[in-house]
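Contents: one structure, followed by commentary.
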Amino acid sequence: MIKKTVKNVQHALEGVKDGMTMMLGGFGLSGIPENSISELVKLNVKDLTCISNNAGVDDFGLGLLLQKKQIKKMISSYVGENAEFERQMLSGELDVELTPQGTLAAKCQAAQQGFPAVYTPAGFGTEVAEGKETRDFDGKMYVLEHAYKADFSFVKAWKGDEAGNLIFKGTARNFNPLMCGAATITVAEVEELVKPGELDPNQIHIPGIFVQRIFQGKNYEKRIEQRTVRQK
């Protein structure tokens with residue numbers, strides 16, 4: 001069995017350079033690759049194109065990269081929790097490609113499965129479809145969306161083994177699994193790293209074939225974007 005483990009996050013991010021395109025998993029702040037993002041900040045790589053459903057918050061997640069102006073282009077869906085993102089977008093400092101959430105997921109999955117493109121009805125007749133090929137299927141119009149091309153994919157799983165098999169927990173399953181194998185190199189950070197054979201095969205969400213590097217993360221904050229509680 002091929003061993004995919006690397007010693008730490010520093011080894012996991014070897015080869016990251018300025019100008020690269022990278023996918024980053026998570027939904028809101030749930031299941032984001034905190035260790036990998038922190039290391040990207042330390043490496044101070046510039047001119048990045050980041051594909052992620054969210055853009056973090058001002059002082060956490062991708063917001064840390066935005067603070068240091070490391071992101072040149074952001075491809076995402078929901079970005080309403082980040083004031084710095086808004087400021088950079090409105091000032092023209094940041095190139096932004098807003099994408100319907102389902103389309104973003106489909107384009108990641110297309111890259112994962114080796115499809116060059118997908119047709120989707122989302123966005124037809126709007127600015128999203130401008131300059132793109134459209135086609136009629138059974139009387140309904142669809143927009144051609146090309147699969148994403150990324151150098152690195154950074155995902156975070158609950159458990160994983162040394163062969164790269166992964167189990168995700170809760171909302172972290174929304175985008176992390178779709179980004180595994182959707183880039184040239186997929187880096188998985190996990191809360192718990194175990195030996196091959198310790199995971200129940202029936203519970204594995206992503207097989208190790210989609211992962212090139214895996215390491216056990218640490219010091220996860222697991223922040224919540226908006227905490228709402230009922231008054232007593």
Give, for atom CD1 of Ile71 and atom CG of Leu66, the distance between the pair rounded to the nearest 0.5 Å. 4.0 Å
Determine whether a donor-acceptor pair (N or O, by modelled atom type, separation under 3.5 Å) exists between the side chain of Asp58 and the backbone of Glu84. yes
For Tyr78, does its backbone N or O pair with a side-chain atom of Gln101 as donor and acceptor, under 3.5 Å? no
Distance-only, no hydrogens or angles: does the Lys73 side chain make a donor-acceptor pair with backbone N or O of Glu97 under 3.5 Å? no
Considering all heavy atoms, the nearest Pro177-Ala172 contact: CD-O, 3.8 Å
Exactly one of Met22, Glu39, Arg213, His11 clears side-chain contact (heavy atoms from CB on, under 4.5 Å) with Val187, and that residue is Arg213
Show your reasoning for whether side-chain contact (heavy atoms from CB on, under 4.5 Å) applies to Arg87 and Leu94. CA-CA 9 Å; Arg87 189 197 67 75; Leu94 180 68; over 6 Å; no
Are the side chains of Val79 and Glu86 in contact, using a 4.5 Å heavy-atom criterion? no
Do you know which of Ile37, Leu40, Ile32 makes side-chain contact (heavy atoms from CB on, under 4.5 Å) with Phe154? Leu40
I'd like to know whether NZ of Lys132 has more than 12 heavy-atom contacts from other residues, nucleotides or ligands below 6.0 angstrom. yes
Distance (rounded to the nearest 0.5 Å) between Asp138 CG and Asp136 CG: 7.5 Å
Measure the spacing between CD of Glu162 and CD1 of Ile214 and express it to the nearest 0.5 Å. 9.0 Å
Side-chain heavy atoms of Glu198 within contact of Asp161, under 4.5 Å: no
Quick one: are Glu191 and Lys156 in side-chain contact, heavy atoms under 4.5 Å? yes
Between Leu199 and Lys159, which heavy-atom pair has the shortest distance, and what is it? CD2-CB, 4.1 Å
Determine whether a donor-acceptor pair (N or O, by modelled atom type, separation under 3.5 Å) exists between the side chain of Ser153 and the backbone of Ala183. no
Is there a path of hydrophobic side-chain contacts, each under 4.5 Å between heavy atoms of I, L, V, M, F, W or Y residues, that connects Phe115 with Ile206? no
Is there a donor-acceptor pair closer than 3.5 Å between any side-chain N or O of Asn174 and the backbone N or O of Phe27? no
Can you hop from Met89 to Val128 via hydrophobic side chains spaced under 4.5 Å? no
Answer with yes or no whether the hydrophobic clustering places Val211 together with Leu24; edges join I, L, V, M, F, W, Y residues whose side-chain heavy atoms lie under 4.5 Å apart. no
Could you state the interatomic distance from NZ (Lys69) to NZ (Lys46), rounded to the nearest 0.5 Å? 9.0 Å
Is the closest side-chain heavy-atom distance between Glu81 and Asn54 below 4.5 Å? no
When every non-hydrogen atom of Pro121 is compared with those of Lys140, the smallest separation belongs to CB-CE, 3.7 Å
Worked verdict on Met74 versus Leu62 for side-chain contact (heavy atoms from CB on, under 4.5 Å): CA-CA 10 Å; Met74 192 76 218; Leu62 289 181; 3.4 Å; yes
Thr21 and Lys149: side-chain contact (heavy atoms from CB on, under 4.5 Å), yes or no, with the steps? CA-CA 8 Å; Thr21 297; Lys149 295 180 180 179; over 6 Å; no
Do Met20 and Leu64 sit in the same hydrophobic cluster, where Ile, Leu, Val, Met, Phe, Trp and Tyr count as joined when their side-chain heavy atoms come under 4.5 Å apart? yes
Glu145 side chain to Thr103 backbone, donor-acceptor under 3.5 Å: no
Does the Gln109 side chain pair with the main chain of Leu178, one donor and one acceptor, at a distance under 3.5 Å? no
Separation between CZ (Phe60) and CZ (Arg223), nearest 0.5 Å, reads 5.0 Å
Just say parallel, tilted or perpendicular for the rings of Tyr142 and Phe137, cut-offs at 30° and 60°. perpendicular
Do Asn8 and Phe215 make a side-chain contact, defined as non-hydrogen atoms from C-beta onward lying under 4.5 Å apart? no
Side-chain touch Lys4/Gln212, heavy atoms, less than 4.5 angstrom: no
Val143 and Ala129 have their tightest heavy-atom pair at CG2-CB, 3.8 Å
Result for side-chain contact (heavy atoms from CB on, under 4.5 Å) between Met23 and one of Thr186, Ile51, Val155, Thr49 points to Ile51
So, the side chain of Glu189 versus the backbone of Ser36: is there a donor-acceptor pair under 3.5 Å, distance only? yes
In one Ile/Leu/Val/Met/Phe/Trp/Tyr side-chain cluster, 4.5 Å: Leu65, Leu43: yes
Quick check: does any side chain N or O of Asp151 sit under 3.5 Å from a backbone N or O of Val16, one acting as donor and the other as acceptor? no
Could you tell me if the side chain of Arg135 sits less than 4.5 Å from the side chain of Leu144, heavy atoms only? no
Enter the distance from Phe152:CZ to Cys50:SG here, rounded to the nearest 0.5 Å. 13.0 Å
Quick check: closest heavy atoms across Gly63 and Asn82, and the distance to 0.1 Å? CA-ND2, 3.6 Å
Got a sec: does the CD of Glu221 have more than 12 other heavy atoms crowding it under 6.0 Å? yes
Main-chain N/O of Leu104 paired to Thr99 side chain as donor or acceptor, under 3.5 Å: no
Any non-hydrogen side-chain atom of Leu166 less than 4.5 Å from a side-chain atom of Phe210? no
Which atom of Ala110 lies closest to which atom of Ala147, heavy atoms considered: CB-CB, 3.8 Å
